[in-house]
Amino acid sequence: MAFYVSTPIYYVNDAPHLGHAYTTVAGDVLTRWHRQRGESVWYLTGTDEHGQKIMRTAEAHGVSPQEWCDKLVEEAWKPLWKHLEIANDDFIRTTEPRHTQRVQEFVQDLYDKGEIYKGSYTGPYCVSCEEYKVVGELLEGELCPIHKRPVEWLEEDNYFFKLSEYGERLLEHYDANPDFIQPASARNEVVQFVRQGLQDLSISRSTFDWGIPIPWDPKHVIYVWIDALLNYATAVGYGSDQAKFDQTWPADVHLVGKDILRFHAVIWPAMLLANGLRLPGRVFANGWLMVGGEKMSKSNLTGISPRQLTEHFGVDAYRYYFLRAIPFGQDGAFSWEDFAARYTSELANDYGNLASRVAAMVGKYFDGALPAAADAGPAEQAIADGLSAAVAAADKAIGDNLDFAGGLGAVFDFVRQVNGYLSDQAPWKVAKDESPQAQARLATILYTAAEALRGVAVLLNPVMPATSERLWVSLGAEVALGALADQRISEAADWGRLPAGVSVTKGEVLFPRLD
RNA sequence: GGGGCGGUAGCUCAGCUGGUCAGAGCAGGGGACUCAUAAUCCCUCGGUCGCGGGUUCAAGUCCCGCCCGCCCUACCA
């Protein structure tokens with residue numbers, strides 16, 4: 001069975017921003033972590049390309065909706081994921097036949113099972129916007145929030161999914177699986193919402209045609225959310241590749257922004273129940289990135305772009321920063337200043353500098369050949385124990401709980417411990433004593449520090465693959481132990497894996513000081 | 001209106017089922033050291049734990065009320 005993780009499929013109305021990248025990086029780190037546990041993994045991302053908004057946007061740019069999507073996907077979305085070192089196993093687009101055909105089959109199935117019926121939808125419609133509004137967003141006196149004009153109440157024939165019949169079963173599932181929706185605050189909201197009672201869901205639209213036609217009534221297209229959610233099934237072989245589907249389905253983790261939690265925690269499982277498919281393991285809602293007290297969103301595109309940050313801080317630091325600084329699942333304040341402070345203190349000073357000083361001393365005192373730990377004692381045991389503790393804590397936090405901040409905190413506590421160890425042992429002083437005993441101590445101290453870094457490289461590889469690889473090579477570990485990505489988390493704390501005699505080289509600084 | 005979450009040192013945050021829980025990191029101040037990316041290590045300053053009541057031998061930690069912030073309250077992705 002594969003550990004299957006999905007991001008939302010992003011609406012390609014516009015270019016990706018920090019919020020999209022935040023979720024996608026988190027999923028990438030999670031899946032890389034599980035790969036290093038030795039598990040089979042499937043990481044899926046993609047794009048949601050149907051719906052009225054995309055149709056309108058394309059029209060405004062004088063191109064077809066498909067052309068608009070193609071351009072954005074190829075020129076903005078995929079390149080950004082490549083830039084950020086996202087190692088997704090697949091990228092699904094909802095306009096691909098492998099998706100649209102299966103969606104039609106799925107909906108047809110539900111129709112055949114009597115889960116879908118024809119009804120009429122009544123809602124407030126703004127003539128100027130040419131679209132239905134959400135009741136909650138209307139201004140006092142039923143005015144359109146954009147045009148400040150009265151809405152009209154229109155009625156149209158639609159197909160409805162019998163969502164209202166699934167409230168009890170959903171509540172039972174939430175109850176039996178307390179971790180199904182995370183974090184707990186998100187779970188509470190959903191449970192409360194479902195308890196209030198569910199209404200049937202209109203799942204077709206007939207006022208525009210940019211979507212997947214309802215198979216038995218092609219004047220209607222399938223509501224974008226029904227279309228979009230099904231990507232998680234169609235991308236892993238639903239209805240087309242049963243073997244792959246069997247070994248992948250269901251998703252272990254659906255990562256979502258908290259704005260789309262309800263679709264994933266209510267509508268999606270109800271759809272699956274209706275069609276007899278197994279439910280995902282959990283739906284994890286991450287929070288908003290707050291900039292200067294305001295939510296980062298597409299309406300705030302004037303904000304900082306991912307590439308502005310990676311140009312200044314580098315891709316690895318970018319991947320690190322948001323996961324380290326913001327407890328996953330909560331809203332998080334972020335600022336350029338905070339990023340710079342963390343980069344300097346944690347990455348450059350604590351971690352990068354540790355790698356530098358260790359490599360420099362092995363070079364200076366042993367001509368770059370890692371000496372054996374001939375005289376290990378309690379101080380060295382404390383470091384070995386520290387690594388064990390860091391591995392255990394990080395594995396549980398990141399691999400099991402999606403607590404990236406906690407896991408990274410554990411790793412960096414260990415980095416601090418190693419810096420402290422070097423200060424205590426002062427190998428530069430020991431080096432001045434040429435007696436065999438002193439030289440044995442010197443060798444032991446530097447071996448211990450290098451071996452500690454070996455463990456750190458393994459633990460940080462899912463988060464910062466490029467710099468971890470550089471450290472790995474610099475320690476001579478690539479030659480002795482093989483590829484970094486093949487190192488198992490479960491073996492990361494096995495003390496003494498890095499063999500004496502390997503060639504330790506200083507290499508480029510891991511995290512250069514910022515200007 | 002109903003509901004959810006949060007309000008702990010200058011900043012960002014830990015504090016599970018009540019009893020060293022008043023903490024960490026960063027920033028600020030002082031010192032040590034020199035292997036290193038002028039990095040590191042040690043010490044230190046610093047908080048009426050939003051406000052007011054209550055329960056208890058004991059409350060950031062439970063109850064009530066209030067104030068403030070963010071979010072949800074269904075078909076816009």
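Each chain gets a letter, A, B and so on, in the order the sequences are listed, and its residues count up from 1. Every heavy atom of this structure was used, including side-chain atoms; hydrogens, water molecules and symmetry mates were not.
Two residues, A:Leu198 and A:Phe208, neighbour RNA chain B, and the one matched to the more 5' nucleotide by heavy-atom proximity is A:Leu198. Ranked by how close their nearest RNA chain B nucleotide is to the 5' end, A:Lys258 and A:Ser345 are led by A:Ser345.
Here the side chain of A:Lys429 is nearest to one of B:rC26, B:rC33, B:rG4, namely B:rC33. Candidate nucleotides B:rU37, B:rC35, B:rG3 were compared by shortest atom distance to the side chain of A:Ser356, and B:rU37 ranks first. Across B:rG4, B:rU37, B:rU40, the shortest atom-to-atom separation from the side chain of A:Arg357 is found for B:rU40. Closest to the side chain of A:Arg416, from the set B:rG25, B:rC5, B:rA39, is B:rG25.
Donor-acceptor pairing under 3.5 Å, judged by distance alone, is present between the side chain of A:Asn353 and the base of B:rA36.
A cation-pi contact links A:Lys78 to A:Phe91, judged by a cut-off of 6.0 Å to the six-membered ring centre and 45° from its axis.
For A:Arg262, a side-chain nitrogen or oxygen approaches OP1 or OP2 of B:rU73 to under 4.0 Å. Taking only side-chain nitrogens and oxygens, A:Asn188 never comes nearer than 4.0 Å to OP1 or OP2 of B:rG3. Using a 4.0 Å cut-off, some side-chain N or O of A:Lys506 falls inside it from OP1 or OP2 of B:rU37.
Anti is the glycosidic conformation of B:rG31, whose angle departs from 0 by more than 90°.
Counting any heavy atom pair closer than 4.0 Å across all strands shown, A:Gly197 reaches a base atom. Using a 4.0 Å heavy-atom distance criterion, A:Ala348 is classed as a base contact. Nucleic acid contact class of A:Asp403 (heavy atoms, under 4.0 Å, all strands): none. Here A:Asp350 lies in heavy-atom contact (under 4.0 Å) with sugar-phosphate atoms only.
Regarding A:Ile181, its CD1 atom lies at a distance of 16 Å from the C1' atom of B:rC71, rounded to whole Å. Counting to the nearest Å, the P atom of B:rA39 and the OH atom of A:Tyr343 are 13 Å from each other. A straight line from CG of A:Leu453 to C1' of B:rU37 spans 14 Å, rounded to a whole angstrom.
Using a 30° and 60° split on the angle between ring planes, A:Phe404 and A:Phe328 fall in the perpendicular class, above 60°.
More than 12 non-hydrogen atoms from other residues, nucleotides or ligands lie less than 6.0 angstrom from CD of A:Glu155.
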